[in-house]
There are 2 protein chains.
Amino acid sequence: MGIAERREREKEALRTGIVEAARDIVSEKGLDALSMRSIAERIEYSPATIYLYFKDKEELLGEVIKAGFERMGGYVHEELAMAGSEADPAQQHRALGRAYARFALENTAYFRVMFELPNVPHVGRMEDCRSVDSGPAAKQLLAETIQRAMDAGLYELEDAATGALIAWGLVHGLTSLYISGHCAMMLPSQEAFMEVVETAMDSLGNGWVPRETAKPPAP
Amino acid sequence: MGIAERREREKEALRTGIVEAARDIVSEKGLDALSMRSIAERIEYSPATIYLYFKDKEELLGEVIKAGFERMGGYVHEELAMAGSEADPAQQHRALGRAYARFALENTAYFRVMFELPNVPHVGRMEDCRSVDSGPAAKQLLAETIQRAMDAGLYELEDAATGALIAWGLVHGLTSLYISGHCAMMLPSQEAFMEVVETAMDSLGNGWVPRETAKPPAP
DNA sequence: CAATTTTCTGAACACCGTTTAGCATACGGC
DNA sequence: GCCGTATGCTAAACGGTGTTCAGAAAATTG
């Protein structure tokens, strides 16, 4: 009775096909070019068909965002590898920031969809929504990294989760400002931007380094 | 010949009326509710009339944004006053951050229009555009404050402008993440958010504090 | 092959930003 | 006061959007 299963598979294939089409349009033409009609044209179905697979555009975008977090995961992997396996937690923390910034630079439209969209978790349900669902992998990795840095005595702060949030906010903010062109006059190139990100992470990390590194006083 | 002047005044009044209507709609109903038609309805004119006073929606939004920066200026003024006149530059820096965050909390839709809109400075002309035009007051104030902190020996960094950008990015990022609901599970209340902002500014400020505060060694 | 279920779509709806042709009104010169 | 003109304004339309729904088309079943 493989016939029902084949139907199931085809259905699933079309569903993911829709998501991929949306992802590609966002990547290639930008968010503004992403309409139900443009997706429909690309997959060669009627716009109405999409609504048989997704409740509305919001839900479809949710899937695109999920895919975005997976793509970002690749960047994280790369930067961690680049940092080397002998990197200490603080260096890994920098690697995560670099990954985030680089992902944003190379996937601007994607980044916008993921973080700057009206979003509106439709106050109430906020579990199955946005980064809560797919992003936590990255968020948790960041928190764990900072926790390890604390354990290693590299960072001194009260709460790893708060520290992770701050670190995230720092890089996210710089990235968001850069991408939106709010500091274009100050950052003429992507290199300049990446450098500022490094400086920023240095500043923050420096602020977390214990003041007196256990210098036992000789009486 | 007061007649031409009266006409001029009426024209100007309608123009600012349009901007105020747009501002109010954004404040009251959110950005999504802001359409040329909704503005027209509020000012009791035809939608087409708006185009006699503004080139397009983008230009109109520019004026709204300008008004937004002025409103933010009020917050800055308040927080600086709250900090007191004897506050040192580092404390003033914190006050600026508080103002930014509080403004965002109390004018969410406004904040979004100002910083998270597609923006697109239409690469090329970027003078008369966005924060470059109206925001620089705030940006420059931040840069000056940090420069003063450097001069006072409170902060130790290479470039005040870069420092200002980093400080801005930090608060902006946290704010943007909070407003977009990306860290809702971690920040249940506005108070919790404001506290994280304080902690974040402390961390960054701490990272900028000179390591050894000129402790002349006695030989 | 006929009946039924499943999958899909054409057409419509209400909205959007924007343009244009034309309608009133208020003005300046006679 | 009247007339031509310049000004301010708008109704209607255009092409776009997300979304819905009756019904066509196709695939599966008996």
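The sequence lines fix the lettering, A, B, ..., with proteins before strands; numbering per chain opens at 1.
Between the side chain of A:Ser180 and the backbone N or O of A:Leu177, no donor-acceptor pair lies under 3.5 Å.
Taking atom CG of B:Asp56 as the reference point, atom P of C:dT20 lies 14 Å away to the nearest angstrom. In this structure, B:Ile18 places its CD1 atom 10 Å from P of D:dT10, rounding to the nearest Å. Distance A:Phe54 CZ to D:dT19 P: 13 Å, rounded to the nearest Å. Rounded to an integer number of Å, the gap from CD of B:Glu12 to P of D:dG8 is 13 Å. Between the OH atom of B:Tyr51 and the P atom of D:dT7 there is a distance of 23 Å, given to the nearest Å. Put simply, CD on A:Glu59 is 15 Å from P on D:dG18, counting in whole angstrom units. Between B:Ile50 atom CD1 and C:dT20 atom C1' the separation is 17 Å, expressed in whole Å. Counting to the nearest Å, the P atom of D:dT7 and the CD atom of B:Glu10 are 15 Å from each other.
Within the 4.0 angstrom heavy-atom criterion, base atoms lie near B:Thr49. Residue-level contact check: A:Tyr53 touches the backbone only, with heavy atoms under 4.0 Å from sugar-phosphate atoms and none from bases. Contacts of A:Leu34 with the nucleic acid, taken as non-hydrogen atoms under 4.0 Å apart, involve only primed sugar atoms and P, OP1 or OP2.
Under 4.0 angstrom from either OP1 or OP2 of D:dT28 there lies at least one side-chain N or O belonging to A:Arg6.
In the interface, the side chain of A:Arg37 is not paired with the base of D:dG16 through any donor and acceptor atom under 3.5 Å apart.
For A:Leu52, the side-chain atoms get nearest to C:dT9 when compared with the rest of D:dT28, D:dC9, C:dT9. Of the candidates D:dG18, D:dT10, C:dC8, D:dG18 carries the atom nearest the A:Ser35 side chain, counting heavy atoms from C-beta on. Side-chain proximity of A:Ala48 to C:dG10, D:dT19, D:dC9: nearest is C:dG10.
Ring pair A:Tyr100/A:Trp168 is perpendicular by interplanar angle, where above 60° counts as perpendicular and below 30° as parallel.
From A:Ile18, atom CD1 reaches atom OH of A:Tyr45 across 8.5 Å, with rounding to the nearest 0.5 Å.
Of the candidates A:Leu174, A:Val171, A:Ile166, A:Ile166 is the only one forming a side-chain contact (heavy atoms from CB on, under 4.5 Å) with B:Leu170.
Taking the six-membered ring for Trp, A:Phe69 and A:Phe103 have ring centres at least 6.0 Å apart.
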